[in-house]
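Worksheet: the structure to be examined is printed underneath.
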Amino acid sequence: MGQDVVNSLFEVLPYLKQLHGKTVLVKIGGNVLSNEFSKDFFAKSIAFLHFVGIKTLIVHGGGPEITTLMEKLGMKPTFKNGYRVTDEQTMEVVEMVLNKINKDLVATLNLSGVKAIGICGKDVNFLIAEKDMQYGDIGYVGKVKRINEDLVKWLFEAGYVPVIAPIGVGEDGTTYNLNADVAAAQIAIALKVEVAIFMTDVDGVMKDGQLVSHLDVEEALKLIQEGVVKAGMVPKLSCAVEAVKNGVKSARIINGNDPTALLATLFASRPFGTTVTSH
């Protein structure tokens with residue numbers, strides 16, 4: 001049995017060597033965070049990455065929780081082209097829910113032994129945003145204009161794991177609701193991360209009922225244009241492509257409902273999820 005353990009460690013050694021000292025960004029959705037077992041397993045996985053010398057930062061969403069609270073408050077969630085129409089009252093709910101998710105996740109990570117710290121775009125003007133008008137005026141929905149990457153670099157130097165809520169701030173102090181996948185891609189680009197991982201609720205990109213384990217940028221765009229990739233996978237894959245086109249070495253789309261998927265996609269010899277690279 002001891003030999004099996006040692007052999008397993010030897011198998012991950014090349015991947016550890018490749019990633020040691022590099023930066024990995026993980027975007028996690030509310031479906032994982034709402035399950036206590038999955039959240040605890042996720043925290044232990046992040047702790048593993050941290051203690052083997054891989055700099056890790058987390059961007060989280062919270063869409064389902066925001067919708068749930070809005071409905072409890074008698075508010076009607078409205079979406080346009082996948083974006084939440086965000087009036088002033090909705091923005092208050094968004095900020096409240098995301099801050100709660102952020103601090104809950106930080107607490108779970110701290111229990112796993114890492115020094116996690118929660119931030120949002122308002123902290124040190126980390127995510128400067130502007131109103132997103134690509135689908136008309138849908139309220140306080142923003143797009144990232146500028147990123148203060150020095151904040152994350154300083155936190156890494158101090159040994160912290162940053163946990164980022166996708167809330168942006170305008171030049172005039174206006175608070176904006178940011179799409180978490182888009183924000184994650186922009187942060188990954190700004191920090192020139194080695195790997196950007198998008199955790200979702202399916203195994204990855206599917207074609208003809210089969211998982212596509214690897215795509216280059218051109219292949220990924222072709223699947224989107226031909227309608228093979230549909231619905232919620234389109235923005236995930238588009239964000240992965242955007243990241244890779246702008247300097248991120250690889251982007252992975254994995255199933256966050258599988259607690260082992262995060263470490264498996266980085267260290268297993270067989271592919272987990274869908275990996276997007278430049279070629």
Count the heavy atoms of every other residue, nucleotide or ligand shown that sit under 6.0 Å from CD of Glu218, and state whether that count exceeds 12. no
Under 4.5 Å between side-chain heavy atoms, hopping through other hydrophobics if needed: is there a path connecting Ile101 to Phe42? yes
Spell out, as yes or no, whether a donor-acceptor pair under 3.5 Å connects the side chain of Lys27 to the backbone of His60. no
Less than 4.5 Å apart, side chain to side chain, heavy atoms only: is that true for Thr86 and Tyr140? yes
Please check: side-chain N/O of Thr274 versus main-chain N/O of Ile253, any donor-acceptor pairing under 3.5 Å? no
Could you note down all residue pairs passing side chain to side chain donor-acceptor pair (under 3.5 Å) where residues 235-249 supplies at least one of them, sequence neighbours left out? Asp181-Lys236, Glu242-Asn246
Would you check, one step at a time, whether the test side-chain contact (heavy atoms from CB on, under 4.5 Å) holds for Phe79 with Val85? CA-CA 5 Å; Phe79 294 87; Val85 178; 5.9 Å; no
Which ILVMFWY residues can you reach from Met133 by hopping between side chains whose heavy atoms are under 4.5 Å apart? none
Residues pairing under salt bridge (Lys or Arg N to Asp or Glu O under 4.0 Å) where one sits in residues 69-94, two or more places apart or in two chains, turn out to be none
Look at the side chain of Asn99 and the backbone N and O of Glu95, then say whether any donor-acceptor pair between them is shorter than 3.5 Å. yes
Side-chain contact, heavy-atom cut-off 4.5 Å: Leu57 with Leu155? no
In terms of hydrophobic clusters joined by side-chain contacts under 4.5 Å, are Phe51 and Tyr15 together? yes
Do the non-hydrogen side-chain atoms of Leu151 and Ile119 ever get within less than 4.5 Å of each other? yes
Flag yes if Val217 and Leu215 sit in one hydrophobic cluster, no otherwise; membership is Ile, Leu, Val, Met, Phe, Trp, Tyr, and two members link when side-chain heavy atoms are under 4.5 Å apart. yes
Contacts of type ring pair (Phe, Tyr, Trp, His ring centres under 6.0 Å), residue Tyr83, not counting sequence neighbours: Tyr135
Partner of Val276 under side chain to side chain contact (heavy atoms under 4.5 Å, CB included), chosen from Val248, Val205, Val244: Val244
May I have the step-by-step check of side-chain contact (heavy atoms from CB on, under 4.5 Å) for Val169 and Asn125, ending in yes or no? CA-CA 7 Å; Val169 62; Asn125 289 333; 3.8 Å; yes
Could you tell me whether a side-chain N or O of Thr56 sits under 3.5 Å from a main-chain N or O of Ile54, the two making a donor and an acceptor? yes
Report yes if the side chains of Val152 and Ile187 come closer than 4.5 Å at any heavy-atom pair, otherwise no. no
Is there side-chain contact between Phe126 and Ile147, with at least one heavy-atom pair below 4.5 Å? yes
For Asp123, all residues meeting side chain to side chain donor-acceptor pair (under 3.5 Å), sequence neighbours excluded: none
Can you find a pair of side-chain heavy atoms, one from Met70 and one from Ile66, that are under 4.5 Å apart? yes
Please check if atom NE2 in His214 has more than 12 non-hydrogen atoms from other residues, nucleotides or ligands closer than 6.0 Å. yes
According to salt bridge (Lys or Arg N to Asp or Glu O under 4.0 Å), does anything in residues 40-51 pair up with another residue at least two apart or in another chain? List the pairs. none
Step through the shown structure and confirm whether more than 12 heavy atoms of other residues, nucleotides or ligands are within 6.0 Å of CD on Gln89. no
Is Asp201 reaching over with its side chain to a backbone N or O of Asn257, donor-acceptor style, under 3.5 angstrom? no
Pairing residues for Ser45 by the side-chain contact (heavy atoms from CB on, under 4.5 Å) criterion, not counting sequence neighbours: Phe41, Leu262, Leu263
With the 4.5 Å side-chain cut-off for hydrophobic clustering, are Leu223 and Val234 part of the same group? yes
Once salt bridge (Lys or Arg N to Asp or Glu O under 4.0 Å) is applied, what residue pairs with a partner in residues 100-115 remain, sequence neighbours excluded? Lys100-Asp104
Could you tell me whether the side chain of Phe267 reaches within less than 4.5 Å of the side chain of Leu19, counting heavy atoms only? yes
Evaluate the criterion side-chain contact (heavy atoms from CB on, under 4.5 Å) for residue pair Thr174 and Tyr176; output intermediate values, then yes/no. CA-CA 6 Å; Thr174 302; Tyr176 288 106; 3.8 Å; yes
Closest non-hydrogen contact found for Ser112 with Ala43 is OG-O, 3.5 Å
Let me confirm one number: the CD1-OH distance from Ile117 to Tyr160, rounded to the nearest 0.5 Å. 6.0 Å
Linking directly or through intermediates, with side-chain heavy atoms under 4.5 Å: list the remaining ILVMFWY members grouped with Phe272, chain and number order. none
Is it true that a side-chain atom of His279 and a backbone atom of Asp216 form a donor plus acceptor pair closer than 3.5 Å? no
Given a cutoff of under 4.5 Å between side-chain heavy atoms of I, L, V, M, F, W and Y, with clusters grown through shared members, what are the other residues clustered with Leu211? Met206
Partners meeting side chain to side chain donor-acceptor pair (under 3.5 Å) with Glu194 (sequence neighbours left out): none
Gln210 versus Asp208, side-chain donor and acceptor atoms under 3.5 Å: no
Between Met75 and Leu69, is there a side-chain heavy-atom distance shorter than 4.5 Å? no
Single-linkage hydrophobic cluster Ile197~Leu237, side-chain heavy atoms < 4.5 angstrom: no
Pairs satisfying salt bridge (Lys or Arg N to Asp or Glu O under 4.0 Å), at least one member in residues 169-178, at least two apart: Lys145-Glu171, Arg146-Glu171
